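A quick write-up on the structure given underneath.
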Amino acid sequence: MARNASLSGFPEWLPEERLVEQHVLDTLRRTFELHGFSSIETRAVETVGQLLRKGEIDKEVYGLSRLQDDDGNAAAAAKDDPNALALHFDLTVPFARYVVENAGHLSFPFRRYQIQKVWRGERPQEGRAREFTQADIDVVGDGVLPFRYDVELALVIVQALSALPIPAFKLRVNNRKLAEGFYRGIGLADTAGVLRSIDKLEKIGAPAVATLLKNELGATDEQAALALSLASIRTEDTSFVAAVRALGVSNELLEEGLNELEQVIAAAVKSAPGSVVADLSIARGLDYYTGTVYETVLVGHEALGSICSGGRYDALAAKGNRKFPGVGLSIGVTRLVARILSQEFAKASRSVPTAVLVTLTDEDSWSEAQDVATALRARGVSTEVAAKADKFGKQIKYADKRGIPFVWFTDEDGAHQVKDIRSGEQLAADLGSWMPPAADLVPQILLA
């Protein structure tokens, strides 16, 4: 994997690795478009005020400014200026702004997918980069958005991930109404604070979370124990409903969340059994989520963290009294690709798109070789012409080093031959019709 140690956290792929990434991106695009999602792209830069209005993540945001102002002075820090510019840390906040600004040109419910780079001030480590690619899908409504989209998006993401060269995964689903209603029902008023503490459960463990709840939020031992009991519920069917009710907590918002989560899990049991789990420990740290929340892990690779997450947001996008509720999920493409490559779940059959190298018999044959290449390219065959008229053995060695499977020869009398340098077989070829086998036309992604 290509790396620059002086700029850790900014991954770069070698050509054969990039082919794997492109396969992942193409697969996601194809799946999203099959489900009617339209592609958009938003600017990389937003105002600091726009980025920070939901959720406390200012330490992760990269400010953007000139090195000097118009007077030649060093630029001021951006954190205290809401109109200062910064690179977006996700695609959901920019998308919310995009919907508000373009609402008059969009048809609702608006279905969009977006695949772009984002930047986040993470501490670089495996699975966490400072610059990475995300692939998002969202559905946004005008005023209202039926809950059925929370169900649909879970099923779309299951289909998209199932088409990738990755191990089995679990889409873990919770509902913040359920959690917040439960916390209110046991007497914990700062539900956002409880959610932030519960969100740290996998990182610091239950005893440490209980300490946080008691020391920072004033929870009693009993309240902390009940909050952790809720977070321990995890089922692959709708039996979580009975498990929650067995805790003896009553609240109207809790019941609404239970009903919504039950709908998601019931649909998943029918369409994607075993892939979707009701996991009541899932909280999601960002404050803009208001209902369903999702996180996804690879089975056997849980330490990698979530590879796909998101949720329902009812108040992130608004224009006066007009609100645009939405639900969406985001796939961490760079995190996934890095794991695919490091574990060799898949690799490209060759490192270049080129299928044929046209040789040169002498330096004067370059123009004729270009004619051969043009004829092959017209039929969709990726073709290179040798750089110079070295001995044929050296030209073949060049093709082998590049991973090009076929070498084209033209005799002095104009007859053509093509050699498969992997098998050594060399046969006469008709320039007007010859095609490589379908498996060799483009690089293939080979699964482990």
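The analysis underlying the following values was restricted to heavy atoms, covering all of them including side chains, and did not include hydrogens, waters or symmetry mates. Treat the numbers as computed from the prediction; the structure is a model and nothing was measured.
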Using a cut-off of 6.0 Å, state whether more than 12 heavy atoms not belonging to Glu344 lie near its atom CD. no
Please round to the nearest 0.5 Å and tell me the distance separating atom CD of Glu41 and atom CZ of Arg112. 11.5 Å
Out of curiosity, Gln134 CD to Leu91 CG, how far, rounded to the nearest 0.5 Å? 5.0 Å
Considering only NZ, NE, NH1 and NH2 on the basic side and carboxylate oxygens on the acidic side, decide whether Lys170 and Glu302 come within less than 4.0 Å. no
Could you give me the CA-CA distance, side-chain angles and deciding distance for Thr42 and Gln114, then say whether side chain to side chain donor-acceptor pair (under 3.5 Å) is met? CA-CA 8 Å; Thr42 58; Gln114 188 172 348; 2.7 Å; yes
Give a yes or no answer on whether the side chain of Gln444 reaches the backbone of Val442 with a donor-acceptor pair at less than 3.5 Å. yes
With the side chain counted from C-beta on, respond yes when Leu261 and Asn174 share a heavy-atom pair under 4.5 Å apart, and no when they do not. yes
If you compare all heavy atoms of Leu201 against all heavy atoms of Ala231, which two are closest, and at what distance to 0.1 Å? CD2-CB, 3.9 Å
Look at the rings of Phe345 and His301 and say which category their plane angle falls in: under 30° parallel, 30 to 60° tilted, over 60° perpendicular. perpendicular
Which of Arg30, His23, Arg29 passes side chain to side chain donor-acceptor pair (under 3.5 Å) with Asp26? It is Arg29
Locate the shortest heavy-atom distance separating Leu329 from Ala154; write the atom from each residue and the value. CD1-N, 4.4 Å
If you compare all heavy atoms of Ser351 against all heavy atoms of Pro15, which two are closest, and at what distance to 0.1 Å? O-CB, 3.5 Å
Which residue is it: Leu153, Asp138, Thr31? I am looking for the one with a side-chain contact (heavy atoms from CB on, under 4.5 Å) to Phe37. Leu153
Taking every heavy atom of Ser229 against every heavy atom of Leu247, the minimum-distance pair comes out as CB-CD2, 4.0 Å
Any heavy-atom pair between the side chains of Phe132 and Val333 that's under 4.5 Å? no
Is there a donor-acceptor pair under 3.5 Å between the side chain of Arg43 and the backbone N or O of Val45? yes
Using a strict threshold of under 4.0 Å (side-chain N to carboxylate O), is an ion pair present between Glu122 and Arg335? no
More than 12 heavy atoms of other groups within 6.0 Å of Glu33 CD: yes
Closer than 4.0 angstrom, basic N to acidic O: yes or no for Asp314 and Lys177? no
Hey, are the side chains of Arg234 and Phe240 touching, using non-hydrogen atoms and a 4.5 Å cut-off? no
Is any side-chain heavy atom of Leu336 closer than 4.5 Å to one of Leu298? yes
What's the verdict on side-chain contact (heavy atoms from CB on, under 4.5 Å) for Glu255 and Leu258, showing C-alpha distance, side-chain angles and the deciding distance? CA-CA 5 Å; Glu255 288 300 320; Leu258 266 177; 4.1 Å; yes
Quick test of your reading of the model: are Arg196 and Asp199 salt-bridged, counting only N-O distances below 4.0 Å? no
Answer whether the closest heavy-atom distance between the side chains of Ser197 and Leu217 falls below 4.5 Å. yes
Can you tell if the side chain of Tyr294 reaches within under 4.5 Å of the side chain of Val327, non-hydrogen atoms only? yes
Is it true that a side-chain atom of Gln223 and a backbone atom of Thr220 form a donor plus acceptor pair closer than 3.5 Å? yes
Candidate list Val276, Asp279, Val277, test side-chain contact (heavy atoms from CB on, under 4.5 Å), partner Leu171, passing option: Val276
Test side-chain contact (heavy atoms from CB on, under 4.5 Å) on Ser349 and Leu446; report intermediate values, then the result. CA-CA 6 Å; Ser349 59; Leu446 308 175; 4.0 Å; yes
Please find the pair of heavy atoms, one from Val20 and one from Ala348, that lie closest to each other, and give the distance. CG2-N, 3.9 Å
Would you say that more than 12 heavy atoms from the other residues, nucleotides or ligands in this model lie under 6.0 Å from the CZ of Arg422, or not? yes
Do the ring planes of Phe108 and Phe110 sit parallel (below 30°), tilted (30 to 60°) or perpendicular (above 60°)? perpendicular
Do other residues, nucleotides or ligands put more than 12 heavy atoms under 6.0 Å from Arg148 CZ? no
When rounded to the nearest 0.5 angstrom, what distance separates CD in Glu16 from CG in Leu341? 9.0 Å
I need the Tyr98 OH to Glu46 CD distance, nearest 0.5 Å. 12.5 Å
Rounded to the nearest 0.5 angstrom, the CG-CD distance for Leu164 and Gln159 is 11.0 Å
Ion pair present between Glu152 and Arg111, side-chain N to carboxylate O less than 4.0 angstrom? yes
I'd like to know if Glu252 and Arg184 make a salt bridge, using a cut-off of under 4.0 Å between side-chain N and carboxylate O. no
Just by distance, do the side chain of Ser306 and the backbone of Cys308 share a donor-acceptor pair under 3.5 Å? yes
Side chains of Asp142 and Phe324: does their closest heavy-atom pair fall under 4.5 Å? yes
Go through the steps to decide whether Ser330 and Asp136 satisfy the test side chain to side chain donor-acceptor pair (under 3.5 Å), and finish with yes or no. CA-CA 4 Å; Ser330 174; Asp136 285 23; 2.6 Å; yes
For a quick test of reading the model, state the closest non-hydrogen atom pair linking Phe89 to Leu51 and the distance between them. CE2-O, 3.4 Å
When you look at Thr238 and Val269, which way does the side-chain contact (heavy atoms from CB on, under 4.5 Å) test go after all the steps? CA-CA 9 Å; Thr238 57; Val269 168; 5.6 Å; no
Within the 4.5 Å heavy-atom criterion, are Tyr183 and Leu230 side-chain neighbours or not? yes
Any chance you could lay out the side-chain contact (heavy atoms from CB on, under 4.5 Å) test for Leu226 and Phe182, step after step, and finish with the verdict? CA-CA 9 Å; Leu226 280 168; Phe182 186 90; 4.2 Å; yes
As an exercise, state the distance from CZ of Phe406 to CG of Leu357, rounded to the nearest 0.5 Å. 13.0 Å
Reference residue Arg312; test side chain to side chain donor-acceptor pair (under 3.5 Å); the match among Asp150, Thr292, Thr290: Asp150
